[in-house]
2 protein chains.
Amino acid sequence: MRKKEGNKETAIIEAAVRVFAENGYHQSKISKIAEVAGVATGSVYLYYKSKEDIVLKIFDLVWMKLSKELQQVVQRTDMDPGTKLDSIIDILFDSFTVNPALAIVFVNEQNQLLQQEKGNVVKFYKGFLDLAEEILREGVEKGIFNTNIDIRLFRDFVTGGLRALLHEWARRPEEYPLNRIRQNIKYIAKNGILIHHT
Amino acid sequence: MRKKEGNKETAIIEAAVRVFAENGYHQSKISKIAEVAGVATGSVYLYYKSKEDIVLKIFDLVWMKLSKELQQVVQRTDMDPGTKLDSIIDILFDSFTVNPALAIVFVNEQNQLLQQEKGNVVKFYKGFLDLAEEILREGVEKGIFNTNIDIRLFRDFVTGGLRALLHEWARRPEEYPLNRIRQNIKYIAKNGILIHHT
DNA sequence: GTCTTAAATGATTCACAATTCAATATTACC
DNA sequence: GGTAATATTGAATTGTGAATCATTTAAGAC
């Protein structure tokens, strides 16, 4: 019997990330993914049952890793909510630092998948939102966060801002140093743009 | 000779907005748009030369209106930068209040169009970003806005947050009253979540 | 009422790319 | 080095839905 050589399963996923990032899901052809992966078109179907299956796999991998790390942060009792907020931002950026193309796919295709309720994306995303909400609620209870602000709304706003910056960074990683982005987001989310005279 | 009856050109655009909002651009069939517009499939092609032509027309209409209104705000000399920031937010939300479906299409499909550089979307969007940047710069110069914050970054962050909230609102207009959203965004962008003891 | 001309129709055509599968190559084991 | 079992290939198939166009409908002119 013959053994599978190399790791085509992984090669295909990595190729797909690159191709999806460059052209978007719908404009990406399986034949192109196969070419980039160094594999015949038909071989893609030995590992994945459809094109959709590939994106879903990509999102599963990303979210699996993210949710595990995020879980650990929320549960810590030695961190104040402000620091937890910072940690979430760090986790997100760290996850994508090694692979900007993955960030682009993540940001660009997630809405489609959420809308179509395909795979586990909805479940994972809701989990993430709940977790963020929990941290914010904790901050309000401890009297650190502003009670005038609607928690859900703040959460959605910051999440949206994060996505946008992740995207910008991923498109031109050299131009926007990641550390500057992190620092700024953390500051803006907490203090806004106005100068506060204390 | 026969005259065009009703206004099928508009009916098709409006149908397309509804169908795109519900299913996303790629999942939307011309035949469905035609059905919703109360028109035969072939008739769509009397008014638009392709499916893509329809989305581009939708974005042209939206951006044309937006950019005109936004221009007027920036040019005013009787408004401080903080108020101008508020006005931008108002203009965006007001534009979509009457038509949540349009907001959904706007938020969901814009990235695709930007990436493919189709139509005028890139031009309009860049114009919008420049304009926002101008206001922020003005605020910094006048000593109202925080100099520690990277202007571009703040602009992208807030833009992303706005998009996210616009989307959330459009999906369930009853649940999130628009006025609450506006108030909160304005406050958050300026003050962040932390309580500031003055 | 008939004629001319443009508008409208929707079944048919066509293009594209996802998926399949018969043929071929590779490996392990004897 | 022969054979069985499995992996790989890429040309052929297939499904889908965008776009076309021969035909029908109807408005306005006379």
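A, B, ... follow the sequence lines: proteins, then strands. Residue 1 opens every chain. Keep in mind it's a predicted model, so treat the numbers as computed, not measured.
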What is the distance, rounded to the nearest whole Å, between atom [atom1] of [X] and atom [atom2] of [N]?
| X | N | atom1 | atom2 | result |
| --- | --- | --- | --- | --- |
| A/E52 | C/dA17 | CD | C1' | 16 Å |
| B/I30 | D/dA18 | CD1 | P | 5 Å |
| B/L46 | D/dC21 | CG | P | 13 Å |
| A/Y47 | D/dT6 | OH | P | 14 Å |
| B/K8 | D/dA27 | NZ | P | 11 Å |
| B/Y25 | D/dG17 | OH | P | 14 Å |
| A/N7 | D/dT8 | CG | P | 10 Å |
| B/I33 | D/dA19 | CD1 | P | 11 Å |

Side-chain N,O ([X]) to OP1/OP2 ([N]) below 4.0 Å:
| X | N | result |
| --- | --- | --- |
| A/Y45 | D/dT9 | no |
| A/K29 | C/dC16 | no |
| B/T41 | C/dG10 | no |

Given D/dT8, C/dT19, D/dA18, the nucleotide with the shortest approach to the side chain of A/K51: C/dT19

Closest to side chain of A/V39, choosing from D/dT9, D/dT8, C/dG10: D/dT9

Candidate list B/K190, B/Q183, B/K186, test side chain to side chain donor-acceptor pair (under 3.5 Å), partner B/D86, passing option: B/K190

Closest heavy-atom pair and its distance - B/A37, B/A11: CB-O, 3.7 Å

Parallel, tilted or perpendicular: ring planes of B/F128 versus B/W63, cut at 30 and 60 degrees: tilted

Of A/S28 and A/S43, the one whose closest DNA chain C nucleotide lies more 5': A/S28

